[in-house]
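What's counted below: heavy atoms across the whole structure, side chains too, no hydrogens, waters or symmetry copies.
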Amino acid sequence: MLASFRPDWMILDHYSFDAKWHERVRQRLACEVMAIDDLADRSLSVEVLLDANFSEDHAGKYAGRLAGRCQLLGGPRFALLSTRYRTASRYEFRPDVHSIGIFMGGTDPDGVTARVLRTCREFAGFRGTIEVVSTSASPHLDQLRKACLGWANTTLSLDLPDLSAFYSRHDLQIGAGGTATYERCCLGAPTIALAVAPNQLAVIPALDARGVLRAARLTADPDADILPAAPYLGQVIQALVADPEARRDLSERGMSMVDARGADRVAICLLRDTLGLRRVTADDGPQLHAWRNHPTVRAVSGNGEPIPLNAHMAWLANKLADDNARLYIAEIGGTAVGSIRFDRLDGGDTEVSLYLDPDLPGLGLGPRLLLSGEKAVTSEWAGGTGFTASVMPDNEASARLFINCGYSGGPLRFNKAVTADA
């Protein structure tokens with residue numbers, strides 16, 4: 001069916017496909033393959049692996065599972081949140097818990113939602129507003145309706161097209177440990193997380209340990225719960241309702257871990273071979289200034305101090321007017337992803353300096369930016385030339401970049417001979 005479509009990428013989100021399937025599809029369709037996974041329980045033969053769940057060591061998690069060269073995109077910074085979350089209102093902290101939101105997944109096959117509601121009311125004694133969210137596909141919908149009607153200040157919302165407003169309007173959220181966890185974090189919603197599936201056991205305790213959420217078990221008997229080491233849900237609700245600073249901390253830690261650019265990062269990784277260059281203009285000054293002053297860029301720069309915008313714009317104007325300098329912006333799909341500069345030195349060599357958007361590390365963009373820049377400037381400055389680059393001490397990533405792109409030397413100075421027809 002897909003042969004006539006001739007896809008560039010096959011993207012899979014299914015636990016049943018393994019390396020044998022990947023390799024067969026790749027061969028038949030002549031495409032690249034990306035897998036979305038979080039179990040690391042089988043062999044994978046893919047160009048890109050996306051595991052957006054938190055892990056202390058994604059490389060170790062998948063050790064021995066990956067066949068061939070694979071770009072591993074690991075952690076919540078790659079969470080595939082809807083673009084709505086970029087502009088959605090964040091939760092505005094309030095010292096008192098006026099309301100609680102409950103969302104245990106779209107179908108909730110085990111009927112957990114009604115039990116969570118009962119715990120809030122009967123054990124925790126919460127009398128404020130509770131909004132329960134579910135879908136018409138829930139097999140326990142009738143039971144859930146009755147439960148909501150049985151308590152004052154309780155509403156049931158069905159089939160919401162967008163949960164961002166729901167997450168931001170309540171002072172405490174209770175939910176399952178799936179993808180919605182990262183949506184809540186992005187909006188700063190203080191969260192209690194329950195494990196309702198085995199694959200969530202590797203995520204919830206780790207996020208609890210980092211203070212991003214509070215883990216809880218649903219049952220009072222720890223031996224009967226999938227998350228026995230966690231405290232009982234009713235106790236956690238009571239503790240957080242009484243501790244505003246703990247809720248504030250959860251909110252701030254969640255927002256610091258998850259933004260709404262995960263889908264962008266994944267798309268840029270898939271399209272990295274389409275990276276193109278254009279000449280820098282004065283209009284690019286503010287963007288270049290923001291990148292240059294980011295702490296991660298300053299940490300590997302010769303001058304680690306922040307540069308005022310007016311000084312940066314004056315420097316840029318001089319560079320743009322200099323015939324011995326060339327500055328390029330790298331773009332993928334119309335999105336600027338980095339910059340590279342070449343300065344022709346008196347001795348005939350060309351010095352290269354580059355940096356990526358600080359929000360886009362680990363996507364394999366560095367080699368493509370460097371090699372594309374070399375090709376562009378060589379075509380502009382006809383004739384053979386040698387490239388040279390300086391690397392700050394302990395900047396191992398940049399040293400590897402230059403070595404992998406054919407430079408020699410080091411550890412602080414690298415050189416490469418290039419001819420016009422190379």
Side-chain angles (χ1 to χ4, degrees), residues 8-9 32 34 47-48 71 73 77-78 259 261-302 307 309 312-313 315-317 319-320 322 324-344 350-381 385 387-392 395 397-407 414 416 418 420 422:
D8 296 307
W9 284 90
E32 295 183 283
M34 182 181 96
E47 279 70 36
V48 175
Q71 181 78 47
L73 307 180
R77 61 189 295 264
F78 296 106
D259 59 21
R261 293 196 67 189
D264 277 351
R265 293 186 182 99
V266 175
I268 286 170
C269 180
L270 298 184
L271 295 172
R272 60 194 178 187
D273 286 337
T274 70
L275 181 146
L277 299 181
R278 63 169 175 81
R279 292 283 292 271
V280 167
T281 71
D283 291 339
D284 296 310
Q287 176 70 84
L288 295 174
H289 177 257
W291 289 345
R292 168 56 183 79
N293 271 1
H294 191 279
T296 59
V297 175
R298 288 192 286 112
V300 294
S301 299
I307 298 174
L309 178 59
H312 172 80
M313 295 301 292
W315 169 88
L316 179 60
K319 282 295 180 182
L320 294 178
D322 186 352
N324 290 313
R326 290 292 184 270
L327 290 82
Y328 303 94
I329 288 282
E331 293 183 327
I332 296 177
T335 298
V337 299
S339 175
I340 188 165
R341 186 182 85 243
F342 297 92
D343 292 289
R344 192 154 48 185
T350 299
E351 187 168 42
V352 57
S353 175
L354 72 160
Y355 49 81
L356 294 166
D357 179 339
D359 283 338
L360 301 177
L363 304 184
L365 301 181
R368 288 157 178 84
L369 173 57
L370 178 55
L371 295 176
S372 295
E374 291 175 355
K375 183 177 180 180
V377 78
T378 300
S379 67
E380 285 201 50
W381 289 339
T385 184
F387 292 106
T388 183
S390 298
V391 174
M392 295 295 292
N395 188 357
S398 289
R400 285 197 304 272
L401 168 64
F402 288 110
I403 291 295
N404 291 338
C405 288
Y407 285 68
F414 296 86
K416 178 181 182 181
V418 177

For the atom pair [atom1] ([X]) and [atom2] ([Y]), what is the distance rounded to the nearest 0.5 Å?
{"X": "L369", "Y": "L356", "atom1": "CG", "atom2": "CG", "result": "6.0 Å"}
{"X": "K416", "Y": "T388", "atom1": "NZ", "atom2": "OG1", "result": "12.5 Å"}
{"X": "R344", "Y": "R326", "atom1": "CZ", "atom2": "CZ", "result": "7.0 Å"}
{"X": "F342", "Y": "L327", "atom1": "CZ", "atom2": "CG", "result": "10.0 Å"}
{"X": "L363", "Y": "Q71", "atom1": "CG", "atom2": "CD", "result": "6.5 Å"}

How close do [X] and [Y] get, counting heavy atoms only, and between which atoms?
{"X": "T378", "Y": "E374", "value": "OG1-O, 2.6 Å"}
{"X": "L320", "Y": "A282", "value": "CD1-N, 3.7 Å"}
{"X": "F414", "Y": "A399", "value": "CZ-CB, 3.8 Å"}
{"X": "A376", "Y": "L277", "value": "CB-CD1, 4.0 Å"}
{"X": "P367", "Y": "L401", "value": "N-CD1, 3.4 Å"}

H294/W291 aromatic ring centres below 6.0 Å: no
Going by salt bridge (Lys or Arg N to Asp or Glu O under 4.0 Å), name the pairs with one or both residues in residues 280-291, residues two or more places apart or in two chains.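 For residues 280-291, and leaving out neighbouring residues, the salt bridge (Lys or Arg N to Asp or Glu O under 4.0 Å) pairs sorted by first residue read R278-D284.
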Applying salt bridge (Lys or Arg N to Asp or Glu O under 4.0 Å) as the test, list every pair that has at least one member in residues 288-302; sequence neighbours left out.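 Non-adjacent pairs meeting salt bridge (Lys or Arg N to Asp or Glu O under 4.0 Å): zero.
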Strictly distance-based, threshold 3.5 Å: is any side-chain N or O of S398 a donor or acceptor partner for the main-chain N or O of N395?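 It does not hold such a pair.
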R368 side chain to L275 backbone, donor-acceptor under 3.5 Å: no
Walk me through it: do I329 and T281 pass the test side-chain contact (heavy atoms from CB on, under 4.5 Å)? CA-CA 9 Å; I329 288 282; T281 71; over 6 Å; no
Quick one, W9 with V48, criterion side-chain contact (heavy atoms from CB on, under 4.5 Å). Give me CA distance, side-chain angles, the key distance, then yes/no. CA-CA 10 Å; W9 284 90; V48 175; 3.6 Å; yes
Ring pair (Phe, Tyr, Trp, His ring centres under 6.0 Å) with Y407: which residues, sequence neighbours excluded? F402
I'd like to know if R265 pairs up with D259 as an ion pair, taking the criterion as any Lys NZ or Arg NE/NH1/NH2 lying under 4.0 Å from an Asp or Glu carboxylate oxygen.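 Yes, charged N to carboxylate O under 4.0 Å.
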With a 4.0 Å cut-off on N to O distance, would you call D343 and K319 a salt bridge?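 Looking at D343 and K319, the cut-off is met.
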L288 vs H312 side-chain heavy atoms within contact, under 4.5 Å: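 Touching, per the 4.5 Å side-chain cut-off.
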For D322, is the CG atom crowded, meaning more than 12 foreign heavy atoms sit under 6.0 Å from it? yes
